[in-house]
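After the structure tokens below, expect a handful of questions from me.
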Amino acid sequence: MEGMGGHFPMERGKTMRKPRLGVFKFTSCDGCQLSLLNLEEEFLAVVDLFDVAYFREATDKPLRGTFDLALVEGSVSTERQKEEILDIRDRARSLIAIGACATAGGLQALRNWASLSSYKARVYPSPQDIHALSTSTPLSDHVHVDDELWGCPVSSKALTEVLVAFLLDRRPALRGYSVCMECKRRAVPCVLVSKGEPCLGPVTRAGCDALCPSLDKPCYGCFGPKDDANMESLLHRFRLLGMGSEECRALLDKMNTHAYRKAHVESRT
Ligand code: SF4
Ligand code: SF4
């Protein structure tokens, strides 16, 4: 498969140019950018190997020029962001969506199934000052994304893999299987089978090393639906546990609500 990094040929007698990295934020809590900063040792290596040309969480460099790699956190939730993401796409050779907000619209996508005006009235003292779209959508609804790093927040390991893969001009090796595989690998007892707890692990992409099941809790779906997730089958299992439609819906309606609902519709067709 083709890599994302492209080539940085070194001309004889010249130093190789460092790839320009931009880190951008849309509607989000900044948690995924913090995952990047939390890399600590590895982040220092990133600073060494990349030209960190734009990263408002870490530097005050203004937005200028083009980027070899853009990491974008957050969902598109305002008219202005619709224009900004097009601008970033134009500037970036490779654009990667990082985190549930950027890949699935985030928790703020709950409004996609509700009335924005009623949310605004309940949350803000001056709702008339809030200029937001009635939906919160993933970046891929607006521009081509070269890859997606799921998770709320994204895992530091996956971020490192993406950066290394870019430098080596190869596809990042991201896990395509479900959280159940991580449980099996860690010999974690299954909370769905042993305790009858509604666990989203069978339909959720791996990446957390089965953190919640390893603490005897069901998976809450932080990493979003895996490809070809059989949502209908899992929800049928939940109904056998005595759960009603509302309870099932509440399980799905979290930070990846947009993606799980879409996967549910697809699993029924
Ligand atoms: S995906 Fe989660 S951690 Fe990342 S910015 Fe969105 S809400 Fe924050
Ligand atoms: S606990 Fe959840 S994620 Fe782990 S094996 Fe059981 S269903 Fe799968």
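Every number for a ligand or one of its atoms is a count from 1 in the order of the listing.
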> Under a heavy-atom criterion of less than 4.0 Å, does E73 contact ligand 1?
Replying inline: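 Heavy atoms of E73 do come under 4.0 Å of ligand 1.
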>> Yes or no: does G151 have any heavy atom under 4.0 Å from an atom of ligand 1?
In response: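 A heavy atom of G151 does come that close to ligand 1.
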> For atom 6 (Fe) of ligand 1, which protein heavy atom lies nearest, and how many Å away is it?
Replying inline: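 Protein heavy atom at minimum distance: C101 SG, 2.3 Å.
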> Passes side chain to side chain contact (heavy atoms under 4.5 Å, CB included), K120 versus L116? Steps please.
Replying inline: CA-CA 6 Å; K120 284 202 292 190; L116 176 63; 4.1 Å; yes
> Evaluating non-hydrogen atoms only, which member of C32, G74, G99 is closest to atom 4 (Fe) of ligand 1?
Replying inline: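 Ranked by closest heavy atom to atom 4 (Fe) of ligand 1, first place is C32.
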> How far apart are the closest heavy atoms of D253 and T257, and which atoms are they?
Replying inline: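 Nearest pair, atom of D253 first, then T257: OD1-OG1, 2.6 Å.
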>> Do L37 and L69 sit in one hydrophobic cluster, given that two such residues count as connected whenever their side-chain heavy atoms are within less than 4.5 Å of each other, even indirectly?
In response: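 Yes, one cluster joins them.
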>> Please tell me whether L95 and V46 are part of a single hydrophobic cluster in this structure, the criterion being side-chain heavy atoms less than 4.5 Å apart.
In response: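 The answer is no; the residues belong to distinct hydrophobic clusters.
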> Quick one: which ligand 1 atoms are inside 4.0 Å of a heavy atom on P153?
Replying inline: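 Once the distances to P153 are compared, the set is 3 (S).
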>> With no hydrogens and no angle check, just 3.5 Å: does a side-chain donor-acceptor pair link T103 and E148?
In response: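 Result is no, nothing qualifies.
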>> Looking at every non-hydrogen atom in both residues, tell me the closest pair between L192 and E197 and how far apart they are.
In response: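 Residues L192 and E197, closest heavy atoms: CD1-O, 3.1 Å.
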>> Residue-level breakdown please: for Q33 versus ligand 1, do any non-hydrogen atoms fall below 4.0 Å on the side chain, on the backbone, on both, or on neither?
In response: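 The answer is neither; Q33 stays 4.0 Å or more away.
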> Closest approach of A173 and E161, non-hydrogen atoms and distance?
Replying inline: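 Scanning both residues, the minimum pair turns out to be N-OE2, 2.7 Å.
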> Stepwise, does the side chain to side chain contact (heavy atoms under 4.5 Å, CB included) test hold for D129 with Y124?
Replying inline: CA-CA 9 Å; D129 295 337; Y124 299 101; over 6 Å; no
> Around atom 4 (Fe) of ligand 2, what protein N, O or S atoms are found below 2.8 Å?
Replying inline: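 Sorted hits: C183 SG.
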> With respect to atom 1 (S) of ligand 1, which of S35, C222, A100 exhibits the smallest heavy-atom separation?
Replying inline: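 Heavy atom nearest to atom 1 (S) of ligand 1 belongs to A100.
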> Which protein non-hydrogen atom lies closest to atom 8 (Fe) of ligand 1, naming both residue and atom, and how far is it?
Replying inline: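 Closest protein heavy atom to atom 8 (Fe) of ligand 1: C29 SG, 2.3 Å.
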> Side-chain heavy atoms under 4.5 angstrom apart, residues restricted to Ile, Leu, Val, Met, Phe, Trp, Tyr: same cluster for I85 and V23?
Replying inline: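 No; tracing contacts between hydrophobic side chains, which count when under 4.5 Å, never links both residues.
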>> A quick test of your reading: do over 12 heavy atoms of other residues, nucleotides or ligands sit less than 6.0 Å from CZ of R249?
In response: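 No, not enclosed.
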>> I'd like to check the ring-ring contact (aromatic ring centres under 6.0 Å, His included) partners of F24; sequence neighbours left out, ordered by chain and number.
In response: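 With sequence neighbours excluded, F24 shows a ring-ring contact (aromatic ring centres under 6.0 Å, His included) to Y54, F67, given in chain and number order.
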> Looking only at protein heavy atoms, which one is nearest to atom 2 (Fe) of ligand 1, and how far off is it?
Replying inline: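 For atom 2 (Fe) of ligand 1, the nearest protein heavy atom comes out as C152 SG, 2.3 Å.
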>> Taking 4.0 angstrom as the limit and counting only heavy atoms of S28, give me the atoms of ligand 1 inside it, by number and element.
In response: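 Atoms satisfying the 4.0 Å criterion: 5 (S).
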